[in-house]
Amino acid sequence: MKMSRQPTIHIQKEVNPHFKVVWTSRKPYNILRGGRNSFKSSVIAMKLVMMMIWYISRGEKANIVTIRKVASTIRDSVFNKMQWALSKFGILDQFNMTVAPFKITHKDTGSTFYFYGLDQFEKLKSNDINDIIAVWYEESAEFNDKEDFDQTNVTFMRQKHELAPFVQFFWSYNPPRNPYSWINEWSDEMVGEDDYLVHDSSYLDDELGFVTEQMLKDINRIKENDFDYYRYLYLGEPVGLGTNVYNMNLFKPLDKLPSDDRVIGLYYSTDGGHSQSATTHGCYGLTAKGKVILLNTYYYSPAGQVNKKAPSELSKELNGFITKTSTQSMWQGARIVNRTIDSAEGALRNQYYKDYGQHLTPVNKKKKVDMIDYVHDLLAQGRFYYLKNPYPTGMRYADSNEVFIEEHKKFSWDEKTINSDKPKVIEEDDHTADQFIYLCLSNARDFRLKV
């Protein structure tokens with residue numbers, strides 16, 4: 001071998017037998033779908049390294065492309081995953097890593113792992129990479145439709161390595177809960193096609209002990225709290241949406257704060273209203289043991305009122321709500337971590353910065369059905385609570401969480417859209433539901449949420 005050091009790895013100890021068909025696949029198109037902790041992405045990363053080793057051990061230059069929907073997600077996902085895979089083979093030190101742009105390059109042959117976001121498509125299309133042997137679409141369900149793949153696949157096929165029989169494509173994703181999601185229908189259509197391997201996996205296929213006791217404990221907690229969500233998240237089953245968005249049994253009431261679990265951080269979330277729709281703020285506490293507790297709700301509806309509050313008045317009310325709730329003695333010492341707001345609500349956000357010099361964090365929105373999954377994750381873990389009687393601030397439109405619970409009870413999918421690729425919720429009396437969604441999405445890392 002012409003490599004500076006021959007890689008050593010015991011594949012049977014690193015790749016579960018369930019993935020043997022993937023490891024040995026000679027099909028051009030490989031779709032890996034499955035639940036969380038099925039290790040499908042790890043298998044693809046190691047297979048791609050193995051494919052490149054075949055070329056660089058012969059002194060050949062070979063290139064591999066990995067694509068995410070959004071470029072900003074690359075560093076913490078596929079870029080780190082590929083370095084992990086190279087370490088598994090003991091050859092990471094034979095590569096140079098750069099982040100602007102994201103590349104991992106073999107020092108001797110120039111063979112390179114390229115990383116792109118589909119939002120960089122024009123840049124990607126203009127780059128002549130050449131010598132391509134494989135392409136990986138990670139988290140494929142994030143893409144808009146199969147046409148996203150079609151427009152890039154042809155570009156890569158034209159740049160195939162002369163020694164490769166074809167460019168081998170890989171897709172990996174957790175199936176959306178909606179059976180009618182485009183990617184669920186697309187992958188089902190590919191089952192049985194000669195050039196396609198469609199592979200399903202879950203944590204139950206782990207025979208090598210990669211799923212730890214701690215992971216199993218979390219999985220079983222979700223299984224006990226919300227069995228359908230467990231099936232969707234960990235078994236990779238498109239379980240459907242139903243009509244009600246949430247299981248209200250997972251909204252746990254508290255008469256008072258737990259005495260053995262103090263609030264360590266405060267989080268605020270806002271859904272701004274307009275001439276006829278409500279403006280609502282939520283004050284939430286994160287406890288030392290990981291509970292997320294709704295402490296207080298502000299809810300102002302202009303419907304039916306002759307004199308409606310202007311942005312300047314709403315800004316003053318928001319500041320009063322934050323000031324009064326954040327200084328209450330029950331969570332003295334807990335710092336304000338984040339103030340989230342609907343990204344479409346520019347008037348209140350700008351007014352608040354003008355008045356108080358404080359930025360409100362606009363939420364980076366996704367598809368509604370995907371954003372809702374962040375709330376599902378928190379609920380299924382059994383970590384969401386609300387105070388039945390908030391500690392009073394004396395504000396006219398605050399000091400009750402009742403509207404929050406009532407709106408979530410009504411929060412429903414539009415039955416006309418359930419059996420479609422783009423399900424919609426009924427957008428009536430959903431203001432606290434939206435601000436709760438924004439809270440979970442904006443603070444997913446702090447709340448240990450991953451969907």
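Only this structure's heavy atoms are used, side chains among them; waters, hydrogens and symmetry mates stay out.
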- Pairing of D373 and R177 as salt bridge, 4.0 angstrom limit: yes

- Query: Using a distance-only test with no angle check, is there a side-chain donor-acceptor pair under 3.5 angstrom linking D446 and Y267?
  - Reply: yes

- Query: Can a donor-acceptor pair be found between the side chains of T270 and D342 at a distance below 3.5 Å?
  - Reply: no

- Give a yes-or-no answer on whether the side chains of E138 and S172 include a donor-acceptor pair shorter than 3.5 Å. yes

- Message: Quick check on the 6.0 Å ring-centre criterion: do F169 and Y29 meet it?
- Response: yes

- Query: What's the verdict on side-chain hydrogen bond (donor to acceptor under 3.5 Å, both in side chains) for T287 and D261, showing C-alpha distance, side-chain angles and the deciding distance?
  - Reply: CA-CA 6 Å; T287 73; D261 190 14; 2.7 Å; yes

- Give a yes-or-no answer on whether the side chains of Y284 and Q435 include a donor-acceptor pair shorter than 3.5 Å. yes

- Task: Check step by step if ring-ring contact (aromatic ring centres under 6.0 Å, His included) holds for Y114 and F102.
- Result: CA-CA 7 Å; Y114 291 88; F102 284 105; over 10 Å; no

- Scan side-chain atoms only and decide if D355 and Q351 contain a donor-acceptor pair under the 3.5 Å cut-off. yes

- Message: Check K365 with D370, please: is the shortest side-chain N to carboxylate O separation under 4.0 Å?
- Response: no

- Message: Is the positively charged end of K309 above the ring of Y300, judged by distance under 6.0 angstrom from the centroid and angle within 45° of the axis?
- Response: yes

- Item | Parallel, tilted or perpendicular: ring planes of W171 versus W186, cut at 30 and 60 degrees | perpendicular

- Message: So that I can tick it off, tell me whether R68 and E142 are bridged by a salt bridge, with the cut-off set at under 4.0 angstrom between side-chain N and carboxylate O.
- Response: yes

- Trace of the ring-ring contact (aromatic ring centres under 6.0 Å, His included) decision for F170 with Y137: CA-CA 6 Å; F170 296 88; Y137 295 97; over 10 Å; no

- Query: So which of F143, F156, Y173 actually passes ring pair (Phe, Tyr, Trp, His ring centres under 6.0 Å) with F149?
  - Reply: F143

- Within a reach of under 6.0 Å around NZ of K368, are more than 12 heavy atoms found that belong to other residues, nucleotides or ligands? yes

- Message: Can a donor-acceptor pair be found, under 3.5 Å and without considering hydrogens, that links the side chain of W182 to the backbone of N144?
- Response: yes

- Query: Would you say S77's side chain and T73's backbone share a donor-acceptor pair under 3.5 angstrom?
  - Reply: yes

- Message: With a 3.5 Å distance limit and no angle check, can you tell me whether E345 reaches the backbone of L348 through a side-chain donor-acceptor pair?
- Response: yes

- Pairs where residues 199-217 contributes a residue and the test salt bridge (Lys or Arg N to Asp or Glu O under 4.0 Å) is met, not counting sequence neighbours: R33-D200

- Message: Can you confirm whether the side chains of T297 and N401 place a donor and an acceptor under 3.5 Å from each other?
- Response: yes

- Side-chain H-bond candidate by donor/acceptor type, K422 with T417, under 3.5 Å: no

- Message: If we count only N and O atoms by modelled type, under 3.5 Å, do the side chains of N220 and E224 hold a donor and an acceptor together?
- Response: no

- Query: W413: what forms a ring-ring contact (aromatic ring centres under 6.0 Å, His included) with it, not counting sequence neighbours?
  - Reply: none

- Message: Would the distance check show the side chain of N350 and the main-chain N or O of G346 forming a donor-acceptor pair, the cut-off being under 3.5 Å?
- Response: yes

- Item | Step-by-step ring-ring contact (aromatic ring centres under 6.0 Å, His included) determination, F411 to Y246 | CA-CA 8 Å; F411 198 41; Y246 301 125; 5.8 Å; yes

- Please determine, by modelled atom types, if T279 and Y397 share a side-chain donor-acceptor pair under 3.5 angstrom. no

- Message: Check this for me: does any side-chain nitrogen of one of E313 and K316 sit under 4.0 Å from a carboxylate oxygen of the other?
- Response: no

- Message: Hydrogens and angles aside, do E407 and T432 bring a side-chain donor and acceptor to less than 3.5 Å of each other?
- Response: yes

- Quick one: do the N296 and T325 side chains pair a donor with an acceptor below 3.5 Å? no

- Message: I need the single residue from K324, E317, H281 that forms a side-chain hydrogen bond (donor to acceptor under 3.5 Å, both in side chains) with Y298. Which is it?
- Response: E317

